[in-house]
Every structure is written in structure tokens, then in C-alpha cells.
Amino acid sequence: MTVAASVPSSVTGTTAHAGTATHCPYCGLQCAMTVTGSDAAEAGIEARQFPTNKGGLCQKGWTAAEVLRVPGRLTTPLVRQDGELVPTTWDRALDLIADTVRRIRRDHGADAVGIFGAGGLTNEKSYMLGKFARVALGTSNIDYNGRFCMSSAAAAGNKSFGLDRGLPFPLADIGSARAVLVLGGNVAETMPPFVQHLRTAADAGGLIVADPRRTATVDRALSAGGVHLQLAPGTDLALALGLIHLAVVEGYADRDYIDSRTEGFDEFWTAAAAWWPERTERVTGVPVGRLRETVRLLAASRDNGTGAYILTARGAEQHASGTDTVSAVIGLALTLGLCGRRGTGYGCITGQGNGQGGREHGQKADQLPGYRKISDPAARHHIASVWGIDESELPGAGLSAYELLDALGRPGGPRALMVHGSNIAVSAPRAGHIVDRLASLEMLVVTDFVLSETARMADVVLPTLQWAEEEGTMTSLEGRILRRRKAMDAPEGARGELDILADLAERLGQPPERFPRDPRVVFDELRLASEGGLADYSGVTYDRLDAGEALHWPVTSVSHRGTPRLFLDRFETPSGRARFVTVDHIGPAEPTDAEYPLLATTGRVLTHYQSGAQTRRVPSLSDAAGPMFVQVHPDTAMRAGLGAGDDADVVSRRGTVIARVVCDASMRLDTVFLPFHFADEARANLVTNPALDPTSRMPEFKVCAVRLAPVSTRTGTPA
């Protein structure tokens with residue numbers, strides 16, 4: 001057991017006390033907590049004061065210690081033998097993986113082996129996973145589940161600002177604003193401590209939420225006179241264009257700002273000008289009066305100097321037109337003159353625990369560490385020199401996440417896949433099809449600490465560490481690098497990913513020094529690799545973080561104090577100006593018809609997280625959430641022959657999910673809601689549409705055409 005005798009008050013912001021200061025294992029808010037107790041059986045959680053959570057935690061955070069002692073914790077490698085997973089030794093498991101990788105590479109080439117990572121891995125593991133793929137395996141086929149989360153907002157941010165950082169300002173800045181527009185985010189359930197930062201806006205009647213459902217976040221807005229923009233799923237882009245139209249024609253546009261700090265407005269306005277209020281209402285379903293009130297509230301708070309922010313989350317981004325949607329929302333923020341100024345701005349609410357850092361250091365198919373493009377010759381030269389290889393040895397860009405999964409087992413596609421920290425059998429769109437692709441592999445390797453639905457399919461399962469058993473760093477939704485500290489020893493038999501990757505790399509012929517095992521040594525290498533990149537961590541050290549310094553990247557030297565607020569002087573574009581990106585609304589990739597007359601949208605509930613692989617194993621969380629459900633208007637349920645409490649088939653062109661009917665009179669008549677945390681025949685992603693955004697390659701999780709039917713009248717499952 002390694003527990004700090006005391007926690008410096010500079011780290012905690014409170015009186016020093018025994019325990020290990022670290023951060024929550026769940027979302028991108030990275031709430032500060034202290035882990036107490038001598039081992040997993042005795043571990044407890046105490047909240048700490050910190051700028052993001054202000055001493056609060058959600059139910060998931062308070063019960064995080066329960067995950068450390070869940071039944072079925074994996075401590076022994078497993079291999080498939082005669083169709084069953086059986087215990088084996090580490091040497092045998094690693095030898096089997098290395099031997100199979102060598103054979104597949106020899107017979108089919110390096111790209112026949114793929115890696116699928118995760119936005120919950122530490123920066124050190126994310127970095128080393130990308131290096132392992134490109135150096136030890138020589139494959140271009142590495143991507144991660146953050147492609148399903150942040151990629152559209154990232155692509156749009158890069159287009160407009162020349163840089164992607166979810167929040168280009170500290171989250172605490174929002175706390176004083178009297179007007180905040182949240183598009184597609186239900187933070188009251190997905191990250192409850194976030195709501196504290198919306199209190200000023202909510203109490204002033206200036207909290208505006210765009211969501212097809214009346215969520216807990218919407219209720220907070222309406223409780224004090226705020227606005228609910230209850231749009232049809234898949235019409236966020238039209239909504240943004242309509243708001244821009246009103247901002248311009250009703251005199252709220254900041255013309256001086258547009259002229260001095262942006263470019264491309266005239267062409268952008270040509271598209272937005274066509275979205276007059278009545279057309280926007282017809283397409284989105286949002287009354288013109290609420291559109292006008294939204295623009296008025298944002299502009300009035302801007303003009304009064306009381307703060308105005310626009311935020312997007314997955315509801316607006318997980319679409320086949322998600323990049324264009326965020327580009328339009330950024331266009332609204334630029335039209336109002338909000339970006340790159342203190343007290344106003346646009347930001348994206350990062351979902352996964354290391355969703356920001358996880359996409360900066362090499363897990364994405366098209367990126368190298370430091371947020372460098374893998375196609376950039378200068379970037380390739382820099383990274384190759386840090387890694388001690390010839391730049392010609394670096395592969396090019398590989399397949400994006402869904403395309404990688406869809407290619408598994410096909411001619412020219414990967415024949416082996418290594419999965420780290422992701423449960424793709426539940427979380428991938430068109431999940432039934434993806435399970436078929438996983439089953440077609442010659443070898444599936446899953447590294448996890450529980451036997452998730454994906455691990456149950458594996459040929460080799462490697463037991464890894466949990467969050468409180470490892471050292472490393474995470475990067476929060478505001479771009480602040482944080483220390484994850486080891487609070488206790490792992491159970492005998494479990495190993496960290498850095499050790500696993502080093503062992504495999506050596507078996508594949510790499511020199512031992514090329515793949516260090518110590519997280520601090522890996523981080524120092526990451527610092528060198530990121531130096532000069534957009535996401536520059538070169539000035540960050542463990543010592544600075546342990547001393548309690550607040551370091552938001554870029555941090556360009558050990559004397560640099562970090563960059564909590566980006567773009568105050570210029571944007572990261574060649575001209576220094578933010579770009580308006582011309583876009584237009586095209587609607588969902590799959591419209592409704594007579595056979596599939598309803599729109600299904602997906603999301604999270606308060607007590608579950610992501611695929612539920614962790615939270616479904618915590619009884620208090622699972623009991624509070626209850627079984628899989630479909631939320632639907634009572635009249636819509638009645639027309640399908642259903643009532644509250646009935647079990648229903650929710651059927652799309654791709655599959656069928658079984659869910660308990662929950663009737664809610666606030667729902668749109670054309671919309672049903674499905675949470676995506678459940679497994680087996682309750683997987684929401686059995687019905688979701690894998691149509692991809694042409695830029696970000698984000699699947700269209702947030703809208704697909706479905707029908708409802710009683711389970712007893714099922715006529716079959718679509719192909």
C-alpha cells in the first residue's frame with residue numbers, strides 16, 4: 001500500500017489530512033477526491049475542494065471505491081481453449097499474442113494487426129499505445145473510442161480556431177455568466193457538479209438548453225424562467241443557422257469584432273441568411289419566440305458585461321453532420337463576438353475522463369503526439385527523432401474507429417485486434433454487426449480489469465490495473481493537466497498497460513529502453529514528443545503538478561505558467577483570425593418513413609457511465625438506474641399498443657433492442673429516448689446508425705429511424 005501520509009493544502013485547497021489526493025475515474029470534469037483506506041476492501045472516497053467540482057461529487061464519484069472491489073475482478077490472464085476462457089500464466093499469454101502477431105504480420109502485412117484505445121486511459125498510456133502501434137507493430141490501424149465522443153467538435157475547432165481544446169477557458173469562468181446556451185448536453189445527469197457553474201445563469205433566467213427532451217438540465221433552466229429549445233433530433237444545425245440569422249437581422253451581431261478578428265463571414269452569411277425564423281421553426285419545431293429570446297439573452301448579457309457562453313455536447317455533435325453543426329454553433333459565437341474574450345466564449349463539454357488528453361498524443365488514426373498531423377513531414381521527423389527510428393518507418397494514417405471495426409476480418413482488414421479500455425461490443429454503433437466482425441478475427445486481445453461484454457469474446461484477456469492503483473496524468477475538459485496518484489497496491493496478478501506493452505514490444509524485437517515502464521519516465525518522453533506542437537506539454541513536470549500548480553496546455557517551458565485562456569490575442573490560424581466555416585443543414589442521414597415512423601435518440605442517465613461495464617457492477621448505481629427503458633410520449637406508446645411498464649421492441653433497420661416503456665408527457669410525439677449503458681439484447685446501439693461524418697468520421701449515434709412494438713408481436717430482427 002502506498003498512501004501519502006498527508007495531502008499538501010496547496011494540492012487540496014483544504015486542510016491537510018491523511019489519504020491520497022487524486023481525481024475521479026469517470027468523466028472529463030475530473031472532480032478532485034481523496035482515497036482513504038489501506039486496501040480495496042477498506043477504500044473510501046472523500047470529496048476535495050477543486051475549481052471544477054467545488055467539493056462536490058456525483059453518485060458515481062461517491063461510489064468509485066466500490067469499483068475497486070467488484071466481484072469478478074480479473075487477476076489472472078485468460079486464454080480461449082476449447083471455446084472457453086481458462087486461466088493461464090502471463091508468459092504464456094504474452095507469448096501467444098507475440099507469436100500470433102508475428103505470424104499475421106508475416107503473412108498479411110503490418111496493417112493486419114489493429115489497436116483500439118480509449119479516452120479513459122492516462123496520458124502516459126495513450127502516448128505509449130500510439131507508439132507501440134506504430135513502432136512495435138508498424139501498423140497504421142490504431143484508433144480509439146474518443147472518435148465516438150469528441151471528434152466532431154475537435155474537427156470544427158481546428159477548422160475555425162486552428163486548435164482544439166474542449167474549453168479554451170477555465171470552467172470556473174462560466175460560473176459568473178448570466179447567459180449560457182447549452183446545445184445537446186444534459187450535465188445535470190451526466191456530470192452533476194458542473195451545474196454549480198450554471199447557477200448564476202439559471203438564477204438569472206439566462207440558462208438556455210437545446211434538447212429534444214425535457215431533461216434535468218432543462219428543468220433547472222425552466223425553474224427560474226430560462227428557455228428550452230425542444231428541437232427535433234438531428235436539426236441542431238438548422239437551429240444554429242436560424243439563431244445566426246436573427247442575430248444579424250435584429251442587430252445583435254458584433255460587426256467590429258467580425259471585421260477585426262474573423263474571416264469568411266460574407267460567404268458564411270450567404271447560407272445563414274436563408275434561415276429566416278419561420279423556416280427554422282418549421283424544420284426544428286422550436287417556436288420563433290424562443291429563438292428570439294435566446295439571441296436576446298446572449299446579446300444582452302454580453303453587452304452588460306455579465307458574461308455569455310455557448311457550449312456544445314454529444315447531442316449536437318454525434319451526427320453524420322456533426323462537424324458542420326459545431327461549425328455553425330461556433331459561427332453563432334463568432335457572430336456575437338464571444339470567442340477569445342474574457343467573460344464570453346464557445347466551448348465543448350468533454351465527456352470521457354481523459355477525452356482531451358487521450359486525443360492529443362497519438363491514439364487517433366491521423367495524429368501524432370502533441371496534436372500533430374501524421375501527414376505533416378515536420379511532425380513525422382520530430383516524432384521519429386524522439387522515438388529513435390527513421391521517419392520512413394512511421395506508417396501513415398489508418399482507419400477511423402468505426403471503419404476499423406467494420407474492416408475486421410475482411411480482406412485487407414485487420415485479422416487481430418488489441419482493445420484497451422473500451423467495451424465496443426456495447427458502445428459501437430450497429431453493435432450486432434460489430435460483434436460479428438469481432439467474432440471473425442483470428443485473435444482478439446482485451447486488456448481490462450473486469451470481464452466486459454467485449455472481454456467475454458476475446459481469445460486472450462489481460463488483467464490490468466484500476467485508477468487508484470496507478471500513477472499518471474489526465475487532462476480535464478478545460479485542458480488542465482492533473483495528477484492521478486496511486487492510492488493502493490493492485491491485487492497480485494494484475495499489471496499496468498505500460499508493463500504489458502513493454503513486455504510485448506520486447507517479444508516483438510524492440511530494445512527494452514524504447515518502451516519504458518515507469519509513468520514518470522514515459523511522461524518525460526511525452527513532454528519531448530509534444531514540444532512545439534499545438535498541445536505542448538513540454539513545460540509540465542510531475543513535480544510542478546505535485547506542488548499544486550494549475551497548468552493548462554500549452555505549457556511551453558518549465559518557467560511557463562500555462563495557458564488557461566486561449567485566443568485572447570490571436571487564434572491559431574495563419575492569419576490569427578477565427579474562420580467562419582460555411583455550412584448548411586441537410587438533416588439526419590436516415591429520415592423516418594411509414595415503416596420506421598419515430599426518431600430514436602440516445603444518451604446517459606445519472607447513475608451509469610458509458611457502456612456500464614463499471615457502474616452496472618455497483619449495486620447502488622445499478623438499482624437506482626433500474627432496467628433498460630425507452631422513454632416515450634404516452635400517446636406514441638398507445639398508438640404502438642403499449643403502456644407504461646410494458647416491454648417493447650425498439651426496431652430499426654439494423655436491429656432490435658428490448659426496453660421497458662417509460663411514458664413521459666413532455667416527450668415529443670415523434671421521438672423516443674434510449675440510454676446506452678445496458679448489455680446484450682438491451683443494447684441501444686443495436687439500432688443506431690453508423691453513417692459517418694465526412695470530416696470527423698463520427699457515427700450518427702444521436703438519431704435513427706425506429707418503430708415500437710410489443711415484444712410479443714415481434715416479427716423478426718432486421719438484417
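As the structure is a prediction and not an experimental result, all values here were calculated from the model. Keep in mind that the numbers below use all heavy atoms, side chains included, and drop hydrogens, waters and symmetry copies.
Within the 4.5 Å cutoff, the side chain of V460 has heavy atoms near those of the L462 side chain. Annotation: side chain of P395 is not in contact with side chain of T139 (no heavy-atom distance under 4.5 Å). Contact check for I389 versus I383: no side-chain heavy atoms found under the 4.5 Å cut-off. Looking at L692 and M698, their side chains never come closer than 4.5 Å, going by heavy atoms from C-beta outward. Side-chain contact check for L566 versus L163: some heavy-atom pair is nearer than 4.5 Å.
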Stepwise salt bridge (charged side-chain N to carboxylate O under 4.0 Å, His left out) check, R147 with D366:
CA-CA 11 Å; R147 181 77 66 174; D366 52 354; 3.8 Å; yes
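Side-chain atoms of S557 come within 3.5 Å of backbone atoms of H560 as a donor-acceptor pair (strictly under, hydrogens ignored). Side-chain atoms of Q356 never come within 3.5 Å of backbone atoms of T350 as a donor-acceptor pair (strictly under, hydrogens ignored). In this structure, S385 contributes its side chain and H382 its backbone to a donor-acceptor pair below 3.5 Å. Side-chain atoms of N685 come within 3.5 Å of backbone N or O of S427 as a donor-acceptor pair. Checked by atom type and distance alone, the side chain of T563 pairs as donor or acceptor with a backbone atom of P554 at under 3.5 Å. Put simply, the side chain of R430 never gets that close to the backbone of T688: no donor and acceptor are under 3.5 Å apart. The main-chain N or O of L121 is found under 3.5 Å from a side-chain atom of N354 such that the two form a donor-acceptor pair. Here the side chain of R579 pairs no donor or acceptor atom with the backbone of S160 at under 3.5 angstrom. Panel note: side chain D111, backbone S140; a donor-acceptor pair is recorded below 3.5 Å. Checked by atom type and distance alone, the side chain of S452 pairs as donor or acceptor with a backbone atom of A455 at under 3.5 Å.
Of the charged side-chain nitrogens involved, none lies within less than 4.0 Å of a carboxylate oxygen, so that D236 and K702 do not count as a salt-bridged pair. Ion pairing of R514 with E506 is absent here, as no side-chain N (NZ or NE/NH1/NH2) approaches a carboxylate O to less than 4.0 Å. Salt-bridge check for R485 with D546: passed, with a basic side-chain N closer than 4.0 Å to an acidic carboxylate O. For E471 and R520, the salt-bridge test fails: no basic side-chain N is under 4.0 Å from an acidic carboxylate O. Between R565 and D173 a salt bridge is recorded (basic side-chain N to carboxylate O distance below 4.0 Å). Using a 4.0 Å cut-off between charged side-chain N and carboxylate O, R577 and E263 make no salt bridge. Salt bridge annotation for D390-R380: absent, with no cationic side-chain nitrogen under 4.0 angstrom from a carboxylate oxygen. The residues E531 and R372 are annotated as not salt-bridged, no charged nitrogen and carboxylate oxygen being separated by less than 4.0 angstrom.
The aromatic rings of F265 and F580 stand perpendicular to each other, their planes meeting at an angle above 60°, with 30° marking the opposite boundary. Using bins of under 30°, 30° to 60° and over 60° for the plane-to-plane angle, the ring pair F132/F515 lands in the perpendicular bin. By the 30° and 60° cut-offs, the orientation of the rings of F50 relative to H23 is perpendicular. In this pair, F148 and F701 present their aromatic rings perpendicular. The plane angle is above 60°, beyond the 30 to 60° band.
When every heavy atom of G355 is checked against every heavy atom of M150, the shortest pair comes out as O-CG, 4.4 Å. Between Q352 and Q610 the shortest heavy-atom distance is CG-NE2, 3.4 Å.
Counted by atom type alone, H420 and D448 present zero donor-acceptor pairs between their side chains at under 3.5 Å. Side-chain contact annotation: Q466 with E470, donor-acceptor N/O pair under 3.5 Å absent. Using modelled atom types, one finds no donor on one side chain facing an acceptor on the other under 3.5 Å when comparing S400 with D143. At a cut-off of 3.5 Å, with distance as the only test, no side-chain donor of W387 or E393 sits close to an acceptor on the other residue. A donor-acceptor contact closer than 3.5 angstrom is absent between the side chains of Q318 and R314. Side chain to side chain, N123 and T475 meet the donor-acceptor criterion of an N or O pair below 3.5 Å. The closest side-chain donor-acceptor pair between S126 and Y144, if any, does not fall under 3.5 angstrom. A donor-acceptor contact under 3.5 angstrom links the side chains of R437 and S440, judged on distance only. Defined by atom type and a distance below 3.5 Å, a donor-acceptor pair is missing between the side-chain atoms of T323 and T695. E525 and Y127 form a side-chain donor-acceptor contact under 3.5 Å, judged by distance and modelled atom types alone.
H361 has its ring centre less than 6.0 Å from the ring centre of Y537. Remark: aromatic rings of F169 and Y309 are close, center separation under 6.0 Å.
Under the side chain to side chain contact (heavy atoms under 4.5 Å, CB included) test applied with Y346, the options L311, V326, L167 reduce to a single match, V326. Screening V522, L526, L129 against E124 for a side chain to side chain contact (heavy atoms under 4.5 Å, CB included) leaves a single residue, V522.
Figure legend: cation-pi geometry between R483 and Y542, with NZ or CZ positioned under 6.0 Å from the six-membered ring centre and within 45° of its axis.
Under the side chain to side chain contact (heavy atoms under 4.5 Å, CB included) criterion, T190 pairs with V187, R604, not counting sequence neighbours.
Residue D107 places its CG atom among more than 12 non-hydrogen atoms of other residues, nucleotides or ligands, all under 6.0 Å distant.
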